Colleague: 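Okay, handing you the structure first.
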Protein chains: 2
Amino acid sequence: MRISELAAATEVPVATIKYYLRENLLHDGVLTSATQARYDDSHVRRLKLIRALIGTAGLSVSATREVLLGLENPPESGHDLLGIAHHAVTRTAPDDVDLSSAQKLLDHWGWGAETCDRDTQAALVAALHGLSDAGFDAPAALLDRYAAAMQDIAEADVESVPTDSAEAAMRHVVLGTLLMEPVLLAMRRLAQQSASFQRLGRAGSPVPPGAE
Amino acid sequence: MRISELAAATEVPVATIKYYLRENLLHDGVLTSATQARYDDSHVRRLKLIRALIGTAGLSVSATREVLLGLENPPESGHDLLGIAHHAVTRTAPDDVDLSSAQKLLDHWGWGAETCDRDTQAALVAALHGLSDAGFDAPAALLDRYAAAMQDIAEADVESVPTDSAEAAMRHVVLGTLLMEPVLLAMRRLAQQSASFQRLGRAGSPVPPGAE
DNA sequence: TGACTTAGATAGTGATACTCCCCAATATTG
DNA sequence: CAATATTGGGGAGTATCACTATCTAAGTCA
């Protein structure tokens, strides 16, 4: 197919496709002449993936490029699959960041602190710091309950990874991590709305009875 | 305190404080003359909150303004508290969006579809669409497990809201929703790393080598 | 008195993700 | 075969966002 047909098939403007080509997110088509190239299904699939990563998962163009590179060159170790996905959405922490609070929590939850990525630990510290800066003190029991729920999710994540092919595993881990995050957040909000409604009874009642 | 002292106390540049004043994120200080104003602790607290919402929670300046407005004018209904927080992080859906897939899921999970916000349902649909566009098919059982975990979190959320004061409840709901999201995502990633390590063992290098 | 600080306003910056336009070289259509 | 349309390639322009810098007049402080 030609670039205009590729654009029509994916609902991505031609100018944007050219931009992705320039940015090496999308592989070139096969040149049939100096001013013509053919594109195929692989380009359609790739474009949809790019749009999902940029649009749905909210990745930057450069983070998307890294993820796509990772998908094409799966690492040897299964554990390293996660690193690529997590690295794309985690900003690198400065050298002098204090991770002791995170490590205390990780130990408490039984997650080996030494097996966890530095930058991800720093992200947890930063997020908790944001909470306390805002004057919000999360009780330890609440954090523990959150941790238990997220551990359950993570175990489901890891168990659902296909073991037959490294390529399929790579794809599953990266997409399952990145594209599932907005799903989980939407679920939490919907569950909150449902729980709030059930606890408050019908809407309109004032806060007291067990406010949401 | 003067503006330079406020800047020193919060580590926010003076120029940025002026910007927040212009944008009505921060209330004016008390003018003591044509070119001098006094700021106090309320400005310090507010600035920290603003930085947490913009920096940690990733809100835009305009979304932050809406949230702050909501915090100052708590709605009558407890159920509406959520709406303000959720509205700030959920883009409004077009009128013609198809919510039937979301409603099917909500019914399945026992969350009243009619009690849930349209835009939030649309966010779930969009997120699931992103997954399938990327060629990732999430098994229903996996989604169910996610939903159960998020429901547990949401119940903890709702139960932990203080009932003594509407203002405290408002603050708790908004901050607990917005600022806790990055905490939850960081937790999931750490739990994944832990679970992945336990399941796959130490295969290959501990930290992703070519993930940059 | 003279260096320093401030409010308030305007304009500029850097990053990001496109989007537009141009050209020569085809491809397609009449 | 001629007229029209499309394309690859590349540079430049645009919109948005969250600041950041500069300027001026009017102060403050030592």
Side-chain angles (χ1 to χ4, degrees), chain A residues 1-40 43-44 46-68 88-89 91-92 130, chain B residues 1-40 43 46-68 88-89 91-92 130 178:
Chain A
M1 61 180 73
R2 302 189 296 187
I3 199 172
S4 58
E5 295 169 305
L6 179 60
T10 56
E11 294 187 319
V12 177
V14 171
T16 304
I17 296 178
K18 287 185 174 186
Y19 169 65
Y20 292 157
L21 287 167
R22 280 200 298 280
E23 291 292 325
N24 286 316
L25 299 188
L26 184 62
H27 47 296
D28 286 338
V30 178
L31 275 179
T32 61
S33 80
T35 63
Q36 298 280 302
R38 295 286 140 182
Y39 302 90
D40 57 27
H43 294 89
V44 175
R46 181 66 161 252
L47 259 180
K48 284 186 177 172
L49 175 55
I50 291 168
R51 296 296 266 198
L53 289 175
I54 289 179
T56 304
L59 295 198
S60 69
V61 166
S62 67
T64 302
R65 183 170 38 234
E66 282 175 32
V67 168
L68 293 173
V89 288
R91 66 176 184 189
T92 49
Chain B
M1 63 179 74
R2 302 189 297 188
I3 199 173
S4 57
E5 295 169 307
L6 178 60
T10 56
E11 295 188 317
V12 177
V14 171
T16 304
I17 296 178
K18 287 186 175 186
Y19 170 64
Y20 292 157
L21 287 168
R22 279 199 300 280
E23 291 292 327
N24 286 315
L25 299 189
L26 184 62
H27 47 297
D28 285 339
V30 178
L31 274 179
T32 60
S33 81
T35 62
Q36 298 280 301
R38 294 286 139 184
Y39 303 90
D40 57 27
H43 294 89
R46 182 64 160 253
L47 260 179
K48 284 185 177 172
L49 175 55
I50 291 169
R51 295 296 267 197
L53 289 175
I54 290 180
T56 304
L59 295 198
S60 69
V61 166
S62 67
T64 302
R65 182 168 40 234
E66 280 176 36
V67 168
L68 293 172
V89 288
R91 65 176 186 191
T92 49
L178 300 180

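None of these values were measured; they are calculated from a predicted model. Atom set for the values below is all heavy atoms of this structure, side chains included, hydrogens, waters and symmetry mates excluded. A, B, ... follow the sequence lines: proteins, then strands. Residue 1 opens every chain.
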Colleague: Under 4.0 Å between a side-chain N or O of S4(B) and OP1 or OP2 of dT6(C)?
Modeller: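 For dT6(C), OP1 or OP2 has a side-chain N or O of S4(B) closer than 4.0 Å.
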Colleague: In the structure I gave you, are the side-chain heavy atoms of L26(B) and Y39(B) within less than 4.5 Å of one another anywhere?
Modeller: no
Colleague: Would you please confirm or rule out a distance under 4.0 Å between OP1 or OP2 of dT19(C) and any side-chain N or O of T16(A)?
Modeller: yes
Colleague: OP1 or OP2 of dC18(C) less than 4.0 angstrom from a side-chain nitrogen or oxygen of Y20(A), does that happen here?
Modeller: yes
Colleague: Grab the CG-C1' distance between D28(B) and dG8(C) for me, whole Å please.
Modeller: 11 Å
Colleague: Considering every strand and a 4.0 Å limit on heavy-atom distances, what is the contact class for A34(B): base, sugar-phosphate, or nothing?
Modeller: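 Since only primed, P, OP1 and OP2 atoms lie under 4.0 Å of A34(B), the category is sugar-phosphate.
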Colleague: Measure CD1/I50(B) against P/dA18(D) and give the value in whole Å, please.
Modeller: 13 Å
Colleague: At less than 3.5 Å, do the side-chain atoms of K18(B) and the base atoms of dA7(C) form a donor-acceptor pair?
Modeller: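 In this structure, the two groups form a donor-acceptor pair.
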Colleague: Between P on dT6(C) and CZ on R38(B), what's the gap in Å once rounded to a whole number?
Modeller: 9 Å
Colleague: So, is Y19(B) near the phosphate of dA7(C), with a side-chain N or O under 4.0 Å from OP1 or OP2?
Modeller: no
Colleague: Using OP1 and OP2 only, check whether a side-chain N or O of R2(B) sits under 4.0 Å from dG27(D).
Modeller: no
Colleague: Mind calculating the distance between CD (Q36(B)) and C1' (dG27(D)) to the nearest angstrom?
Modeller: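 Going from CD in Q36(B) over to C1' in dG27(D) covers 6 Å.
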Colleague: Looking at every strand, decide which applies to I54(B) at a 4.0 Å heavy-atom threshold: base, sugar-phosphate, or nothing.
Modeller: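 Sugar-phosphate contact only - I54(B) comes under 4.0 Å of backbone atoms but never of a base.
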Colleague: Using heavy atoms to find the nearest nucleotide of DNA chain C for R22(A) and T35(A) separately, return the residue whose nucleotide is more 5′.
Modeller: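 The residue whose closest nucleotide sits nearer the 5' end is R22(A).
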Colleague: Could you tell me how far apart L21(B) (CG) and dA18(D) (C1') are, to the nearest whole angstrom?
Modeller: 15 Å
Colleague: With DNA chain C as reference, determine whether L59(A) or L31(B) sits nearer its 5' end, using the nearest nucleotide of each.
Modeller: L31(B)
Colleague: To the nearest Å, how far apart are E23(B) CD and dG8(C) C1'?
Modeller: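 The answer, rounded to whole Å, is 14 Å.
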Colleague: Could you state the CZ-C1' distance from R51(A) to dA17(C), rounded to the nearest angstrom?
Modeller: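 Spelled out: CZ on R51(A) to C1' on dA17(C) is 10 Å.
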Colleague: Verify the distance criterion only: is there a donor paired with an acceptor across the side chains of Y20(B) and R51(B) at less than 3.5 Å?
Modeller: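 Side-chain D/A pair, Y20(B) to R51(B): present.
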Colleague: Tell me whether the count of non-hydrogen atoms from other residues, nucleotides or ligands lying under 6.0 Å of CZ in R91(A) goes above 12.
Modeller: no
Colleague: Heavy-atom distance under 4.5 Å between the side chains of R2(A) and L6(A), does that happen here?
Modeller: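 No - every pair of side-chain heavy atoms lies 4.5 Å or more apart.
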Colleague: With heavy-atom distances below 4.5 Å as the criterion, would you say the side chains of V12(B) and I50(B) are in contact?
Modeller: no
Colleague: In this structure, how many angstroms lie between the C1' atom of dT28(D) and the CD1 atom of I3(B), rounded?
Modeller: 15 Å
Colleague: With a 4.0 Å cut-off on heavy atoms, is A15(A) in touch with a base, just the backbone sugar-phosphate, or nothing at all?
Modeller: base
